[in-house]
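See structure below.
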Amino acid sequence: MRTVTTGPATSTGAAPRRYDSSAVAARSLLDRLAESGLDPAARRWVLAALQGDDALAACGRGEEVPEPPPELADAPSAGAPAHGRRSFLRRIEVQGFRGIGRPSSLEFPAGPGLTVIVGRNGSGKSSFAEAAEAALTGRNLRWDAMPADWRDGWRNLHFDDRTEITVELQLAAEDGPTRVTRAWTGESVRSARGEVVSPDGTTAPLRSLGWDPELARYRPFLSYDELGKAVTGRAAELYDTLTALLGLTDLTEAERRLAKACDRLSKQRDRPGHEHGHLVRRLRASDDRRAAQAADLLEARDIDLDRLASIADDDGPADRQQHRVLRRLRRLSVPERGLIGDVVNELRGAAMELAMAAGTKGDRARGIVELLNRALEHRERHPSETDCPTCGTAGVFGADWERRARAEIKALQPVAANAAAAYERADNARDQARFLMAPMPSWLPPDSELGRVWAEWEAGAEIADLTQLAEHIETVGRRLRSTAIAARKAAGEKLDDPGDGWGELAEQLGAWVRDARAANAASETLGPAERALEWLAGIAKEIRAERLRPLASHAEQVWHRLRQERRIDLEALRLVGRGARRRVAVDVAVDGSENEGNAPGLLSQGEFQALALSICLPRTMVPDNPFGFLVLDDPVQAMDTETVEGLAAVLAEVGRHRQLIVFTHDTRLPDALHRLGLPSDIRRIQRDATSNVWVAESGRTGPAGTPAEGAPPAGGGGAGYGGAGSRTPSGSTESGHAGDLLGGAAGAGSDPWRDYGSQPGPFSDLGR
């Protein structure tokens, strides 16, 4: 046996949330929950999962979970009657849409029966089928899959008047038809507006029918494209379609929500463990004493979360004395590059001028003037002394000497002027340099890089030579400036993070502590949640199997009729997986082999299409389905003649209970219906070059005495229904009624679905 993972029968997805048969499934789960031995904590998780994400979040916070909503408590029993407002098609009228130009219409008996409309390609068959779908849904699945340019070609080229579709429906318990009209006013296919005219003539918008959920859930349209996707398309979409059809959407969503909550709690529980090692390594790499303390606590046998939180909250500087130095460094002013350049230039200019004056008469005269000025200063300070303080000659310093000295000074000053100016410039330049080389601040650590450079800078004040002093200021001053600027920038950065990197570590440590506390809470909560998920998954699997069993049985019987004499068995349909991995598994066995080597790829395209029909047709028989009709567009493609005969028998049998409208270009289907004597209404559709479409009656098939249109057959047999001696599509002779196709021998006028839910049987849970 090989498992085929299938895609969507339709691409509408799951129907919107509603409490009908879904509520029945939920109530069934609640009944089992009440009888289970599940502990109260786990039971709260199950109840929360049924009620939505908000209830699950409240349960995770330890809050009380409200009781199930009244819709669940008041859900109908499995034996409740089928849909009370089932509708049938009476008429489809189309103008200016797709391949149909001037108004053209199809009329049908408003009740069960099989109508086959045959026409060549391009005759307008699909235009009628798509028009009915567009009128009721406002869209068409085949359009959605096409490029935009193709979708924009929806308006007929031969008809300039209003584009409009009218579908007349006969609803149960109503005397007249309900008319649904959709008209296009713009160029876009989305520009249509629809309205509903009830039998009493009142007009309302389409949404007044309340059919949006049902149109998505039961979808009374089935095209060849959809059949092709049923087995080969995206796996999750067919799963969603079937769960909605069977009323399992709420149950599936509850299981998904609870699984997601458990996964979230599990990740929350494990997150601190995943991040523990990385955090310890980062803390060990830091020089901060707090990082070392935190690392020691994290590596302890029992982690003290409170102490770790206290350490994480300490985001101040690790060394307050250093912090003060950093604050002063950030405000430190350094010599500007221009000022240093000016002092260096002045020193070098003064040195050059001094060198030019050295050894000249002016230099000698400046020296004598300076010497005499000093001698006069000594004479003024000590007027009573007349002996020379230098050589000791007696009586030389008198009033006469003072007059001669002053006269000599006056005579030499003009000669010494240039040299004196050079010496004065040199002294001023040296003073500027010494002022620039201010002493190192007392708060600056002398062993720091800036401290060492500053000490070297300060030592330049002892240099007497102007050229050497200029070189010192230029070289050491440049280093001092760059070192000071770098130190100032580093101080600013450290002050922005006074912990020297500890701020980021403290933030990570605090986040880890919060995660660890959440992990402790999650660990306590996860146990009940996982027990709830284990119980819910098991019960959901049982309920899915129970509710799928009748539909799967019907699909297997349809397949059995379609497969003819092929040695291919459809053994089971199963809803498997959860979340993104959900899918519908189709178990098939080819040539009686069930080993893994028997690949599903051995099925032909026609066999895949027959398999898709086997899966999709049963949805129209679900009792909750408000649509008593199903429109099939070209279901015969790729089938061989024997499969077409099997399909004819299947359609005729379903037509005893539902209204089937089949559009096809393949004449083998009406030929098979005629040859097998199966009841049907055959019509021929034609279209001319200007998009005029007309439909002609081609006759009716079936045994003599076929009941009136719209009514189920009154008798049980006839050769065309598989009575004694009848010819089956495979050419063999069988006994029994064709009603066996739908689940067992049927008596006159019987409907195998009529007792659905009222007593145990193969269909007792389908669609509830």
Side-chain angles (χ1 to χ4, degrees), residues 88-111 113-136 140 142-143 153-170 177 179-184 189 192 197 220-224 629-637 648 651 655 659-674 679-702 706 708-710:
F88 294 93
L89 281 176
R90 289 185 52 160
R91 187 168 178 268
I92 304 174
E93 182 175 351
V94 184
Q95 67 178 43
F97 181 83
R98 293 293 189 192
I100 301 175
R102 285 185 289 190
S104 182
S105 63
L106 286 172
E107 295 186 1
F108 311 97
L114 172 61
T115 300
V116 179
I117 301 169
V118 187
R120 60 177 175 79
N121 290 331
S123 60
K125 304 183 306 298
S126 294
S127 296
F128 269 114
E130 292 175 358
E133 181 181 356
L136 293 179
N140 183 278
R142 193 161 71 100
W143 304 349
W154 58 276
R155 193 187 294 275
N156 185 267
L157 299 177
H158 300 116
F159 190 75
D160 297 329
D161 203 346
R162 180 184 180 89
T163 299
E164 186 174 281
I165 302 168
T166 299
V167 174
E168 288 189 1
L169 301 164
Q170 183 64 52
R179 188 170 66 252
V180 176
T181 300
R182 190 175 291 271
W184 280 260
V189 72
V197 180
F221 308 99
L222 187 60
S223 68
Y224 173 77
F629 64 92
L630 177 65
V631 178
L632 295 98
D633 188 10
D634 237 343
V636 186
Q637 293 188 40
L651 295 177
Q659 183 186 40
L660 294 185
I661 300 167
V662 181
F663 294 91
T664 182
H665 72 281
D666 197 326
T667 59
R668 292 178 298 165
L669 180 59
D671 289 346
L673 291 166
H674 179 75
S680 64
D681 180 5
I682 309 295
R683 306 182 191 181
R684 186 178 68 234
I685 185 171
Q686 293 180 322
R687 175 176 175 269
D688 64 16
T690 57
S691 299
N692 294 313
V693 176
W694 65 94
V695 180
E697 295 284 347
S698 293
R700 298 178 182 277
T701 63
T706 299
E709 295 179 357

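Predicted, not measured: the structure shown is a model, and the values here were computed from it.
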Test of understanding: with side-chain hydrogen bond (donor to acceptor under 3.5 Å, both in side chains), list the residues that count as partners of [X], not counting sequence neighbours.
| X | answer |
| --- | --- |
| Arg102 | Asn692 |
| His674 | none |
| Gln659 | none |
| Ser691 | Asn156, His158, Arg687 |

Using the test salt bridge (Lys or Arg N to Asp or Glu O under 4.0 Å), find all partners of Arg668 that sit at least two apart in sequence or belong to another chain. Asp666
According to side chain to side chain contact (heavy atoms under 4.5 Å, CB included), who are the partners of [X], at least two apart in sequence or on a separate chain?
| X | value |
| --- | --- |
| Ala135 | Ile165, Val167 |
| Glu107 | Arg91 |
| Asn121 | Lys125, His665 |
| Val118 | Val116, Thr664, Thr667, Pro670, Ile682 |

Please check this pair: side chain of Thr115 against backbone of Ile661, looking for a donor-acceptor N/O pair closer than 3.5 Å. no
Within a reach of under 6.0 Å around CZ of Arg182, are more than 12 heavy atoms found that belong to other residues, nucleotides or ligands? yes
Is any side-chain heavy atom of Leu169 closer than 4.5 Å to one of Val180? yes
Any Thr181 side-chain heavy atom under 4.5 Å of Glu164 side chain: yes
Out of curiosity, [X] [atom1] to [Y] [atom2], how far, rounded to the nearest 0.5 Å?
| X | Y | atom1 | atom2 | value |
| --- | --- | --- | --- | --- |
| Ser127 | Ile92 | OG | CD1 | 11.5 Å |
| Glu93 | Arg179 | CD | CZ | 9.5 Å |
| Trp694 | Arg684 | CH2 | CZ | 9.5 Å |

Test of understanding: with ring pair (Phe, Tyr, Trp, His ring centres under 6.0 Å), list the residues that count as partners of Phe663, not counting sequence neighbours. none
Among pairs that include at least one residue of residues 689-698, which meet salt bridge (Lys or Arg N to Asp or Glu O under 4.0 Å), considering only residues two or more places apart or in two chains? Arg683-Glu697
Can you tell which of Val631, Asp633, Ile100 makes a side chain to side chain contact (heavy atoms under 4.5 Å, CB included) with Phe128? Ile100
